[in-house]
Structure formats: structure tokens, C-alpha cells
2 protein chains.
Amino acid sequence: MVEYTYPLDSVFNSLADPIRRDIIARVARREYSVGELVAHHNVSFAAISKHLKVLEEAYLIRKRKEGRKQMVSLAPETLKSADEYLGQYRSMWQSRYNKLEAVLKEEV
Amino acid sequence: MVEYTYPLDSVFNSLADPIRRDIIARVARREYSVGELVAHHNVSFAAISKHLKVLEEAYLIRKRKEGRKQMVSLAPETLKSADEYLGQYRSMWQSRYNKLEAVLKEEV
DNA sequence: CTAATATTCAACCATATGGTTGAATATACC
DNA sequence: GGTATATTCAACCATATGGTTGAATATTAG
């Protein structure tokens with residue numbers, strides 16, 4: 001368990017791993033049990049369980065008990081915070097496109 | 001040096017550290033020399049140099065030699081890729097807001 | 001050439017990460 | 001109750017990370 005100084009630390013850290021991004025992609029579509037998620041990766045049950053812990057501590061997923069299964073779903077509000085962070089910089093890569101767009105409008 | 005499987009790994013990993021996010025925020029506004037960036041943090045010159053290496057390998061910054069200084073600037077196109085990744089999920093947190101918005105419109 | 005400035009490199013350290021295996025726990029099935 | 005299923009926990013391991021200090025490498029100034 002790591003102590004994160006800022007919420008964005010744990011969110012971006014979660015997103016920095018391809019297995020965790022795959023889990024996010026899946027649980028964004030529907031609920032998955034832990035075992036179902038394990039079935040899609042070549043790592044152990046315990047490894048997936050650890051990835052889920054990372055995602056849960058970042059508030060990116062939620063787990064719900066259903067009998068002996070744990071059903072995992074996405075907590076999309078947390079992704080919003082990451083998106084808002086990037087939003088600060090959006091104009092910087094759009095500016096080039098906007099210039100082009102402006103030029104095209106003039107030309108036509 | 002780490003080998004990243006996917007470009008998003010190194011981008012999100014870069015963003016997962018508050019010092020690196022601060023560097024990004026600064027160099028988004030103007031060029032900074034490495035020494036100037038060091039002056040804003042309580043860590044050694046070498047530590048900042050390492051953070052810059054992480055950011056450079058993720059293609060988030062560029063360095064330009066100016067005499068004995070290295071001038072650092074943002075490479076915003078790379079942030080765009082992270083933004084596009086999050087864009088996949090944007091409707092998921094907007095939908096809730098949109099529902100609320102819809103309800104409010106009905107109520108009023 | 002020498003000295004000062006700016007930065008990186010190398011070696012080191014403590015802790016974190018991502019994986020493993022095997023035991024422990026909880027729930028469901030018969 | 002006993003067995004099977006689902007998941008987590010604990011211990012362990014190799015490597016990565018983020019920091020340090022001190023030496024090495026430019027480049028500029030005198």
C-alpha cells in the first residue's frame with residue numbers, strides 16, 4: 001500500500017499499466033467478476049486481485065459482493081478528474097488545428 | 001531505463017508524479033532551464049534531471065541546448081494521446097450530468 | 001589556460017511494484 | 001457437515017523508482 005500525496009497520482013498511476021487499462025475497458029461495458037477478468041490475462045488470480053486493489057484505492061472501480069463472487073464496475077467520475085487535468089492543456093494541441101481550420105475557412 | 005509496452009504507459013506514468021506534473025505546468029507556459037526547474041523543488045539537481053529524462057522518454061517534453069543551458073519545453077501532442085484515451089469514456093460521466101440537466105429542464 | 005556555471009553520469013540506498021505460490025477465508029452446493 | 005468455488009492474504013523474489021552524493025563533462029567568462 002502506497003500513500004499518494006494527490007488523487008491524480010493514484011489515478012494516473014492506475015492508468016499507466018496495460019492490464020489495468022484493459023480491466024477499465026471491460027468494466028466500462030459491463031460488470032465482471034474477478035475470475036472473469038483473470039480469464040483474459042496470463043497472470044495469476046492474485047496478480048489481478050492486486051491490480052483491482054490499485055484501481056479501487058484510486059476510486060476507479062467499485063466492487064459489489066454477489067454471493068461468493070465480487071462484481072467489478074467502473075467509477076467513471078474519477079476518470080473525469082483526469083480528463084479535467086488534461087483539459088487545462090487542450091488548447092495547446094488544438095491551437096495548431098484551429099489555425100489550420102482558420103486558414104481553410106479563409107481560403108474557401 | 002524501463003521499456004514500456006505501450007506509449008500510454010509512459011505518458012500516464014509521467015503524469016503520476018506531482019513533481020513531473022509541476023514541471024509540465026511550468027514548461028507549458030514558457031521554456032525553463034533545468035536549473036530554474038530545480039529552484040522550485042526541494043530535491044537535487046540530479047533528481048530533477050531524472051524526472052526530465054522520464055518526461056523526455058515519454059515525449060512529453062523537449063530539450064534544446066542554449067549554450068551551457070538546456071531549455072525545456074512542452075510537447076503537447078503527446079498529452080493529446082492521453083486525452084483521446086480518456087475521450088473514450090467521456091460520455092460515461094457526462095451521461096449522469098446530462099440526465100440531471102434533463103431533469104432540471106423538466107422541473108423548471 | 002583556468003575558473004565558474006550547468007547538467008549529466010555512476011554508484012548507492014530504501015522502498016515500491018508486479019509477479020509468483022500456497023495457505024486462509026467466505027460462500028454455495030449437496 | 002463436507003466439498004467445491006471464488007477471492008484474498010502472506011511471504012517471497014527480481015526489478016524499478018525516486019532520492020542521495022560525488023565525479024565527470026560541456027560551455028562560457030576572464
Side-chain angles (χ1 to χ4, degrees), chain A residues 1-27 30-58 60-73, chain B residues 1-27 30-58 60-73:
Chain A
M1 339 116 216
V2 200
E3 285 294 316
Y4 286 108
T5 314
Y6 302 100
L8 283 177
D9 289 10
S10 57
V11 173
F12 284 129
N13 180 59
S14 290
L15 295 173
D17 183 283
I19 293 184
R20 289 196 291 262
R21 286 199 303 278
D22 179 82
I23 291 172
I24 288 172
R26 291 182 189 280
V27 303
R30 65 167 176 87
E31 279 192 330
Y32 273 73
S33 71
V34 181
E36 278 182 297
L37 292 170
V38 172
H40 291 284
H41 298 279
N42 296 327
V43 294
S44 66
F45 218 113
I48 296 295
S49 189
K50 281 187 186 182
H51 282 302
L52 292 174
K53 197 178 177 192
V54 170
L55 290 165
E56 201 174 14
E57 287 175 353
L60 279 166
I61 61 163
R62 292 191 195 90
K63 283 197 267 184
R64 177 176 73 76
K65 280 196 117 165
E66 186 176 294
R68 56 190 157 181
K69 289 185 191 166
Q70 291 274 353
M71 300 306 291
V72 181
S73 59
Chain B
M1 340 120 214
V2 199
E3 285 293 315
Y4 286 108
T5 313
Y6 303 101
L8 283 177
D9 290 9
S10 57
V11 174
F12 284 130
N13 180 59
S14 291
L15 295 174
D17 183 283
I19 292 184
R20 290 195 291 261
R21 287 198 304 277
D22 179 81
I23 291 172
I24 288 172
R26 290 182 190 280
V27 302
R30 65 167 175 89
E31 281 193 329
Y32 273 72
S33 70
V34 182
E36 278 182 298
L37 292 170
V38 172
H40 291 285
H41 298 279
N42 296 327
V43 295
S44 67
F45 217 113
I48 296 295
S49 189
K50 282 187 185 181
H51 281 301
L52 292 174
K53 197 178 177 191
V54 170
L55 290 166
E56 201 174 13
E57 287 175 353
L60 278 167
I61 62 162
R62 292 191 194 90
K63 284 196 268 186
R64 176 175 73 77
K65 279 196 118 165
E66 187 176 294
R68 56 191 156 182
K69 290 184 190 166
Q70 291 273 355
M71 300 306 292
V72 181
S73 59

When rounded to the nearest 0.5 Å, the distance separating NE2 of B/His51 from CD1 of B/Ile61 is 11.5 Å
Would you tabulate the pairs of protein nitrogen or oxygen atoms and nucleotide nitrogen or oxygen atoms of nucleotides 8-15 of chain C closer than 3.5 angstrom?
unit_1, atom_1, unit_2, atom_2, d
C/dT8, OP1, B/Lys63, NZ, 2.7
C/dT8, OP2, B/Ser49, OG, 2.7

Quick one: B/Arg64 CZ to C/dA6 P, roughly how many Å, whole number? 16 Å
How close or far is atom C1' of D/dT20 from atom NE2 of B/His41, stated in whole angstroms? 17 Å
Not counting sequence neighbours, which residues clear side-chain hydrogen bond (donor to acceptor under 3.5 Å, both in side chains) with B/Gln70? List them please. none
Just list the side-chain donor-acceptor pairs under 3.5 Å for residues 33-48 of chain B, sequence neighbours left out, or say none.
unit_1, atom_1, unit_2, atom_2, d
B/Ser33, OG, B/Glu36, N, 3.1
B/Glu36, OE1, B/Ser33, N, 2.9
B/Glu36, OE2, B/Arg30, NH1, 3.4
B/Glu36, OE2, B/Arg30, NH2, 3.3
B/His40, ND1, B/Arg26, NH2, 3.4
B/His41, NE2, B/Asp22, OD2, 2.8
B/Ser44, OG, B/Ala47, N, 3.1

Keeping to residues at least two apart or across chains, list the salt bridge (Lys or Arg N to Asp or Glu O under 4.0 Å) pairs with something in residues 39-51 of chain A. none
Those residues of residues 14-25 of chain A lying under 4.0 Å from DNA chain D by at least one heavy atom: none
Excluding sequence neighbours, so at least two apart, what forms salt bridge (charged side-chain N to carboxylate O under 4.0 Å, His left out) with B/Lys63? B/Glu56
Test of understanding: with side-chain contact (heavy atoms from CB on, under 4.5 Å), list the residues that count as partners of B/Ser49, not counting sequence neighbours. none
Between B/Glu66 and B/Arg64, is any pair of side-chain heavy atoms under 4.5 Å apart? yes
May I ask you to verify if any side-chain N or O of A/Ser44 is less than 4.0 angstrom from the OP1 or OP2 atom of C/dG19? no
Give every donor-acceptor pair under 3.5 Å between a side-chain atom in residues 9-16 of chain A and any protein atom, sequence neighbours left out.
unit_1, atom_1, unit_2, atom_2, d
A/Asp9, OD1, B/Arg21, NH1, 2.8
A/Asp9, OD1, B/Arg21, NH2, 2.8
A/Ser10, OG, A/Pro7, O, 2.9
A/Asn13, ND2, A/Tyr4, OH, 2.7
A/Ser14, OG, A/Ser10, O, 2.8

Please report, rounded to the nearest Å, how far the C1' atom of C/dA16 is from the CG atom of B/Asn13. 12 Å
To the nearest angstrom, how far is A/Tyr32 atom OH from D/dT7 atom C1'? 19 Å
Please check the phosphate of C/dT17 (OP1 and OP2 only) for any side-chain N or O of A/His51 closer than 4.0 Å. no
Can you name the atoms? Protein N/O to nucleotides 24-27 of chain D N/O, anything below 3.5 Å, with the distance.
unit_1, atom_1, unit_2, atom_2, d
D/dT27, OP1, B/Lys65, NZ, 3.2

Rounded to the nearest 0.5 angstrom, the CG-CG distance for A/Leu60 and A/Leu52 is 11.5 Å
Any residue meeting salt bridge (charged side-chain N to carboxylate O under 4.0 Å, His left out) with B/Arg68, in chain and number order, not counting sequence neighbours: none
How close or far is atom C1' of D/dT5 from atom NZ of A/Lys69, stated in whole angstroms? 10 Å
